[in-house]
Chemist: 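The structure is given below, and queries will be raised subsequently.
Just so it is clear, the values below take in all heavy atoms, side chains as well, and ignore hydrogens, waters and symmetry mates. Proteins come first, then strands; the chains are lettered A, B, ... in the order of their sequence lines, and each starts at number 1.
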Amino acid sequence: MMNTTAMTLAERYGARDWRDQRADLASVTVDPRSARDALAWLRDFGEYKHLSFATAIDNIERNVFTLTYTLRNQERGHSLMLHCDIDRDKPVMDSIHLLWGQAWTYQREMKEWFGIDFPGSPRVDEEFVLEGWAGPPMMRRDFDSLAYSDATYVERPGRTTNDPAAYMKEKLYPEATE
Amino acid sequence: MKREKTHIIPPAERAFPDLSSGKYLVMWQGPQHPGITGNMSLRLIAEGDTVVDCETHVGYLHRGFEKLMERRLWMQNFPLVCRIAVPEPDFNEYCYATAIEELAGIRIPDKAIWLRTFSLELMRLASFLMWIGGQAGAFGHGTIAQWSVTMRDYVLDLFEELTGGRIYHMYIIPGGVRSDVPQGFFQHVLEVLKIVEKNLDDIELVMFHNAIYKLRAEGLGYIPKEWIDQYGITGPNARAAGVPRDLRKDLGYLAYPKLDFKVILGTKSDAYERSRLRLLEMYQSINLLRQIIDAMPKEGIFKEKLPNPLHWKIPAGETYVAAECTRGEYGFYVVSDGSDKPRRVTVRGPSYTHAISVMERLARGTNIADIAGLMVSLHTYPPEIER
Amino acid sequence: MSDRKIKPAPLANEGLPPEERGLFCDAAPREYAPAQKVIEDFYNWARSQSLWVLGFGTGCGAIELRPLMTSRFDMYRFGIQPRPTPRQSSVFVIGGYASVKTLKRIVRSYEQMMGPKFVLALGSCTINGGMYWDSYNTIKRIDQYIPVDVYIAGCMPRPEALLSGFMELKRIIREGKAEGQNEYARNFDWYKANQKSVIKDWNMPDYNW
């Protein structure tokens, strides 16, 4: 049953790298241009009616954002993670807000946190969890949260660090630093 | 293949009434409000007594968990992970620990499976007890909160005896659980369960046969069956509509396949039926806890030995682990790239859909006074929306 | 020329659109000198026995306020009651961390409270940032933004710890040392500068009275 899904996805939408993570969880990768059609087909004909979540991973080494849509087939008890890679310099993706009623919220979050645009998605340009945020999209790997926090928020003096690596280098192996 | 009638769902349609006409009042049921579960705000536009439009605003509790988790070692994330869904922390620990075990290929001993199931069911009971106080309080029935939060305190005492912490336990770690059951613990648990069950009978009598509660809660926030898949509604909100979705049965994780319980279903999902269903699930939790205590293995190790957590590298991979918490499907999506820190961790909380999309749709046409009751009947916890 | 003739300059209220500036308060808060000793002692005793808490659960710590209000730990017997609006409350319990969005509402609620008002800061996040010390959205010291009277350490503090914090607050009030409100009025510009440096979209009056 899962194999027919895999075969149909590969045939119709060019899906590749089907991998079974567990008996009830699999993952597959498609091209971003056919991702929306693949999701619509999975929902209408593949019985994967429930969208668990949609999120993005910042693969800065490969200069892509990997989007993940996780769907669930209640009848057969199987979940499928659909991945697609979009360009990190110009991140735009088709919106799926017409397929599921909660998708617009996930897209709004991805726009604020990663900078991925979903043209046409309702309220996608509004702020979601941050207010008056002037910095870059904060879930990107090149945004340093500690540096921003030290620069913006005043600290109470008297805090010492107990970093194990620094302690070991200093106390136990001082000759190694020379 | 059968196709449903309403297939293309429109996005959350907003009404944009003419605010300068003097007919409408814009109000914020904002973060500083006793009628909101947690810290979220609703911007309501009301015409007379009825709400015409509702816009949700979240983000008051945003701490940037997903970014913080990428900066800490795998083991250092456990104190953080607890605090994502504040009133119900054990599910976070379970999902995160199971995801790590799956990626690292660790198998946990039998006793640990039973102790984890015990901890999760006890957490469900505590969370429902807190919720039912809020639900009755939203309609003005303050007595129930006094009883149920006290009962929850007895359950938190049990947690303190087992794990050392009242609210945040950090009990479930990769490889098993952190400590074994103390002497005489299960005796205490059975006594407390007896007291809680008797109190639930009182609550049922006082709350569900109360004329005011019935009048106000029946028909409030009706969720039709078609919305369940269109909006991704899970948990008691879906089961009250008659859709049998229970991850404890569907996924069969931990010791649930060995326990004897039925999925409780309702006939229509309005506030009254949902609260009734949750009451029945409380009884079910008590029953399950008694079964777990009977079937728990008496001997055995409770934890597998783990490698040095300061230098622990998890092999690359990704996984999604879900559990049935009191509100619905709660899941952790963990991606590892082979280093000693997580690459990406996303939390899928049920309140994401319930509190934003579903609430905006249900609030239209409701009386202003009932908005608080409607919000609580969906059982949402804002911290897991914005993490 | 006595000081009474010189009025302080009105506040700029630049965050508001020009047509609304006349609708909001434009005077900075002022200090209140204590009355005669015996009367002030009586007032302080009365204030300490009737602490009405604002119902605003700002962070994780608010979850231990529910057990405090119900029959097991019962704070009613100490004269402590939750109230729904800032106009009716005198104690603001900051329950844990404060994100920037919440900080704006904390400032607004604190300024709208009637005096004399006191602040109780729960948890280690208010002291030095707690476990969110490297987060881009949580502040590290709440007393940079509003004056704090009592800190209660813990993560999170048990209801018994909260009660002992309230006892400490009562003791401080009775001794006449709970001067948070006067401190805020005295150092108003400093507090306001700190708040504005963190809260980037300031669309409310400078003093939310």
Chemist: Looking at chain B, which one of A:A56, A:S27, A:A103, A:G77 has the largest number of heavy-atom pairs inside 4.5 Å, strictly under?
Modeler: A:A56
Chemist: As an exercise: rank A:Q21, A:R72, A:E127 by heavy-atom pairs under 4.5 Å with chain B and give me the winner.
Modeler: A:Q21
Chemist: Atom NZ of A:K49 and atom CD1 of B:I228: how far apart are they, to the nearest 0.5 Å?
Modeler: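 One finds 12.5 Å between NZ of A:K49 and CD1 of B:I228.
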Chemist: Please find the pair of heavy atoms, one from B:P342 and one from A:R141, that lie closest to each other, and give the distance.
Modeler: O-NH1, 4.5 Å
Chemist: How close do B:R343 and A:I60 get, heavy atom to heavy atom, and via which atoms?
Modeler: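 Residues B:R343 and A:I60, closest heavy atoms: NH2-N, 3.8 Å.
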Chemist: Under a 4.5 Å heavy-atom cut-off, does chain B meet the side chain of A:M81, its backbone, both or neither?
Modeler: side chain
Chemist: Going by heavy atoms in the side chains, are B:R348 and A:T70 under 4.5 Å from each other?
Modeler: no
Chemist: Could you point out which residue of B:T319, B:V321, B:L251 forms a side chain to side chain contact (heavy atoms under 4.5 Å, CB included) with A:L25?
Modeler: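 One option only clears the test, and that one is B:T319.
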Chemist: Can you tell me which portion of A:S52 sits under 4.5 Å from chain B's heavy atoms? Options are side chain, backbone, both or neither.
Modeler: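 Both parts, heavy atoms under 4.5 Å.
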Chemist: Under 4.5 Å heavy-atom distance to chain A, tell me which part of B:V335 shows up: side chain, backbone, both or neither.
Modeler: side chain
Chemist: Search all heavy atoms of A:S145 against all heavy atoms of B:K67 and return the closest pair with its distance.
Modeler: CB-CG, 4.0 Å
Chemist: Say you draw a straight line from CD of B:E318 to NE2 of A:H83; how long is it, rounded to the nearest 0.5 Å?
Modeler: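 Going from the CD atom of B:E318 to the NE2 atom of A:H83 covers 3.0 Å.
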Chemist: Output the distance between atom OG1 (B:T56) and atom CZ (A:F128), rounded to the nearest 0.5 Å.
Modeler: 7.5 Å
Chemist: Compute the centroid of each ring, for B:H62 and then for A:W113, and state whether the two points are separated by less than 6.0 Å.
Modeler: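 Yes, ring centres under 6.0 Å apart.
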Chemist: Give, for atom NE2 of A:H78 and atom CG of B:D250, the distance between the pair rounded to the nearest 0.5 Å.
Modeler: 14.0 Å
Chemist: Tell me the closest heavy-atom pair linking B:E386 and A:V129, and the distance in Å.
Modeler: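 Here B:E386 and A:V129 meet closest at CB-CG1, 3.4 Å.
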Chemist: Under a 4.5 Å heavy-atom cut-off, does chain B meet the side chain of A:I57, its backbone, both or neither?
Modeler: both
Chemist: B:R344 pairs by side chain to side chain donor-acceptor pair (under 3.5 Å) with which of A:T55, A:T68, A:D58?
Modeler: A:T55
Chemist: Checking A:S79 against chain B: side chain, backbone, both or neither under 4.5 Å from a heavy atom?
Modeler: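 Neither part.
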Chemist: Which heavy atom of A:R123 sits nearest a heavy atom of B:E55, and at what distance?
Modeler: NH2-CG, 3.3 Å
Chemist: Please classify the contact between B:L61 and chain A as side chain, backbone, both or neither, with a heavy-atom cut-off of under 4.5 Å.
Modeler: neither
Chemist: What part of A:A40 gets within 4.5 angstrom of chain B, counting heavy atoms only: side chain, backbone, both, or neither?
Modeler: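 For A:A40, neither part sits under 4.5 Å from chain B.
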Chemist: In Å, rounded to the nearest 0.5 Å, how long is the span from CD of A:E131 to OH of B:Y60?
Modeler: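 Result: 6.5 Å between the selected atoms.
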Chemist: Around A:R33, counting heavy atoms of other residues, nucleotides and ligands shown, do more than 12 lie under 6.0 Å from its CZ?
Modeler: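 No, CZ of A:R33 has 12 or fewer neighbouring heavy atoms, counting only those of other groups under 6.0 Å.
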Chemist: Work out which heavy atom in B:S357 is nearest to a heavy atom in A:G101; give both atom names and the distance.
Modeler: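 Between these two residues, the closest heavy atoms are OG-O, 3.4 Å.
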Chemist: Are side-chain heavy atoms of B:E329 and A:F53 found at a separation under 4.5 Å?
Modeler: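 Heavy-atom side-chain distance check fails, nothing below 4.5 Å.
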